[in-house]
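Note sheet for the following structure.
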Amino acid sequence: MDVLVVDHPLAQTRLTAMRRTDTDSGVFRASLHELTTMVVYEAARLFAVEKYPIETPVAPTEGTRLANPPLIVPVLRAGLGMADAALALLPESSMGFVGLARDEETHEPRAYMESLPADLTDQPVLVLDPMLATGGSLLHCCRLLADRGCTDIIICCVLAAPEGVERLASSGLPLRLITASIDEGLNDKAYIVPGLGDAGDRQFGGMRRF
Ligand SMILES: O=P(O)(O)OC[C@H]1O[C@H](OP(=O)(O)OP(=O)(O)O)[C@H](O)[C@@H]1O
Ligand SMILES: O=c1cc[nH]c(=O)[nH]1
Ligand SMILES: [Mg+2]
């Protein structure tokens with residue numbers, strides 16, 4: 001699996017804001033929005049483009065457009081905070097949704113929502129979830145996509161644990177991963193260390209213990 005870490009200084013300052021305990025939810029959401037713009041911008045290098053004839057006020061020339069704009073799929077809840085920024089960069093894209101909540105004891109994802117086209121043959125998909133921890137949630141989401149015929153899945157996240165990266169890489173699914181960091185690992189509650197806590201709670205409220 002190809003993995004790209006977006007180590008740009010401006011990406012790392014937004015990530016630092018998200019990590020800090022003293023960052024409130026408004027600043028956390030704004031930082032995630034800005035960081036998503038940078039991560040999706042990098043991911044978009046992977047998209048196929050095509051040339052087509054245009055005219056400037058001065059002369060005819062060739063323009064560039066995406067050959068096949070991706071379906072954007074945020075993983076609820078935390079991926080919702082990435083959706084607006086991704087759609088702003090890709091206004092021609094459609095959006096699907098997958099809702100998953102990790103069980104606090106088993107750490108396995110429980111699916112509660114699935115709104116995806118039935119056929120994803122020849123449709124690239126951009127999956128958005130800020131956190132790749134054990135990898136169970138993203139694996140579940142990407143299997144749903146592959147089961148619908150998708151053969152081109154690009155995952156954009158913010159933080160990844162090496163355990164989750166390895167799990168996705170060994171899944172055999174057609175995945176590429178863009179992230180702003182690969183952290184040290186997981187703690188005994190399967191939270192990323194040093195991480196940023198629970199990305200859903202930090203955006204939308206809630207109280208989880210780490
Ligand atoms: O790699 P994993 O071990 O599966 O963990 C990562 C998942 O955990 C978080 O969601 P969570 O289940 O907390 O739901 P939420 O977004 O509603 O908070 C996160 O947004 C991922 O989807
Ligand atoms: O560190 C983690 C792990 C899973 N989900 C989160 O939101 N944070
Ligand atoms: Mg959560």
Side-chain angles (χ1 to χ4, degrees), residues 1 3 5 14-21 23-25 27-29 31-33 35-36 39-40 43 72-86 95-116 125-146 153-171 173 175-210:
M1 179 175 72
V3 180
V5 178
R14 272 47 174 206
L15 177 55
T16 298
M18 293 177 67
R19 287 189 191 278
R20 290 179 59 143
T21 308
T23 295
D24 66 26
S25 59
V27 173
F28 187 96
R29 287 194 299 269
S31 302
L32 176 58
H33 182 95
L35 181 51
T36 301
V39 171
V40 172
I72 300 172
V73 178
V75 179
L76 312 187
R77 286 177 306 168
L80 266 186
M82 304 174 75
D84 277 357
M95 202 173 270
F97 300 89
V98 171
L100 301 174
R102 217 170 60 148
D103 183 287
E104 287 193 44
E105 302 299 323
T106 65
H107 309 139
E108 287 301 313
R110 179 180 58 79
Y112 61 85
M113 222 266 275
E114 200 179 296
S115 176
L116 295 169
V125 176
L126 190 69
V127 176
L128 308 175
D129 190 332
M131 310 303 280
L132 168 58
T134 66
S137 301
L138 275 166
L139 199 55
H140 182 94
C141 175
C142 293
R143 284 204 180 110
L144 293 177
L145 301 171
I153 302 172
I154 299 174
I155 299 168
C156 287
C157 62
V158 164
L159 286 187
E163 295 90 329
V165 176
E166 178 50 38
R167 190 160 170 195
L168 292 184
S170 57
S171 69
L173 293 172
L175 309 177
R176 290 179 283 185
L177 174 68
I178 322 289
T179 182
S181 177
I182 299 177
D183 275 14
E184 289 163 20
L186 300 173
N187 69 12
D188 61 357
K189 293 191 167 68
Y191 276 86
I192 299 174
V193 180
L196 52 75
D198 188 289
D201 291 356
R202 293 207 59 187
Q203 291 178 77
F204 306 120
M207 291 219 305
R208 216 159 293 187
R209 289 183 293 278
F210 310 109

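Ligands are counted one by one from 1 in listed order, and the atoms in each one are counted from 1 as well.
Proximity to Ala101 (heavy-atom distance under 4.0 Å) selects the following atoms of ligand 1: 12 (O). In summary, the atoms of ligand 1 found under 4.0 Å from a heavy atom of Gly200, numbered by their order in the structure, are 18 (O). Residue-ligand proximity, Arg102 to ligand 2, at heavy-atom distances under 4.0 Å covers atoms 3 (C), 4 (C). Listed by atom number, the atoms of ligand 2 under 4.0 Å from Ile192 heavy atoms are 1 (O), 2 (C). Less than 4.0 angstrom separates some heavy atom of Asp129 from each of these atoms of ligand 1: 19 (C), 20 (O), 21 (C), 22 (O). In summary, the atoms of ligand 2 found under 4.0 Å from a heavy atom of Ala199, numbered by their order in the structure, are 6 (C), 7 (O). Ligand-side atoms of ligand 1 in range of Met131: 6 (C), 19 (C), 21 (C), range being under 4.0 angstrom from any heavy atom. Heavy-atom proximity to Ala78, at under 4.0 Å, picks out these atoms of ligand 1: 16 (O), 20 (O). Those atoms of ligand 1 that come under 4.0 Å of a heavy atom in Asp198, given as number and element, are 13 (O), 18 (O). Within ligand 2, counting atoms from 1 as listed, the ones closer than 4.0 Å to a heavy atom of Ala190 are 3 (C).
One finds the CG atom of Leu173 at 10.0 Å from the CE atom of Met1 (value rounded to the nearest 0.5 Å). Residue Met18 holds its CE atom at 11.5 Å from OG of Ser181, rounded to the nearest 0.5 Å. Within the model, atoms CD1 of Ile153 and CG of Leu168 stand 10.0 Å from one another, a figure rounded to the nearest 0.5 Å. Separation of atoms OG1 (Thr21) and CZ (Arg202) is listed at 6.5 Å; rounding is to 0.5 Å. A distance of 13.5 Å separates CG in Leu159 from OH in Tyr191, rounded to the nearest 0.5 Å. With rounding to the nearest 0.5 Å, the separation of NZ in Lys189 from NE2 in His107 is 8.0 Å.
Looking at Ile154 and Ile178, their side chains come closer than 4.5 Å, going by heavy atoms from C-beta outward. Looking at heavy atoms from C-beta onward, Ser25 lies out of side-chain contact with Phe204 at the 4.5 angstrom threshold. Within the 4.5 Å cutoff, the side chain of Arg110 has no heavy atoms near those of the Asp103 side chain. With contacts defined as side-chain heavy-atom distances shorter than 4.5 Å, the pair Met131/Asp129 qualifies. The shortest distance between side-chain heavy atoms of Arg77 and Asp198 falls below 4.5 Å.
Residue-ligand proximity: Pro130 is placed with every non-hydrogen atom at 4.0 Å or more from ligand 2. Residue contacts with ligand 1 include Gly135, since one or more of its heavy atoms lies under 4.0 Å from the ligand. The shortest heavy-atom distance from Ala190 to ligand 1 is not under 4.0 Å. In this structure, Ala161 falls outside the shell of residues with a heavy atom less than 4.0 angstrom from ligand 2.
A donor-acceptor pair under 3.5 Å links the side-chain atoms of Gln203 to the main chain of Ala78, judged by distance alone. Between the Arg176 side chain and the Ile155 main chain, no donor and acceptor come within less than 3.5 Å of each other.
Of the N or O atoms in Ala133, one or more lie within a sub-3.5 Å distance of an N or O in ligand 1. Looking at Gly200 next to ligand 2, no N or O pair under 3.5 Å apart turns up. Considering backbone and side-chain atoms alike, Arg102 places an N or O below 3.5 Å from some N or O of ligand 1. Considering both main-chain and side-chain atoms, Met131 never comes within under 3.5 Å of ligand 2 through any nitrogen or oxygen pair. Taking only nitrogen or oxygen atoms, main chain and side chain alike, Arg77 reaches within less than 3.5 Å of ligand 1.
Which of Leu128, Thr134, Leu159, Asp103 comes nearest to atom 3 (O) of ligand 1 through a heavy atom is settled by distance: it is Thr134. When the heavy-atom distances from atom 8 (N) of ligand 2 to Gly195, Gly197, Ala133 are ranked, the shortest goes to Gly197.
Only backbone heavy atoms of Leu100 (N, CA, C or O) come within less than 4.0 Å of ligand 1; its side chain stays farther off. The proximity of Ala78 to ligand 2, defined as any non-hydrogen pair under 4.0 Å, does not occur for either the backbone or the side chain.
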- Message: Working note: Val127 + Val75, criterion side-chain contact (heavy atoms from CB on, under 4.5 Å); need CA distance, chi angles, decisive distance, verdict.
- Response: CA-CA 7 Å; Val127 176; Val75 179; 4.0 Å; yes
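Among protein heavy atoms, the minimum distance from atom 2 (C) of ligand 2 is reached at Tyr191 CD2, 3.2 Å.
Across Asn187, Ile182, Leu132, Asp183, a single residue satisfies side-chain contact (heavy atoms from CB on, under 4.5 Å) together with Ile192, and that is Asp183.
The Mg ion (ligand 3) lies under 2.8 Å from an N, O or S atom belonging to Asp198.
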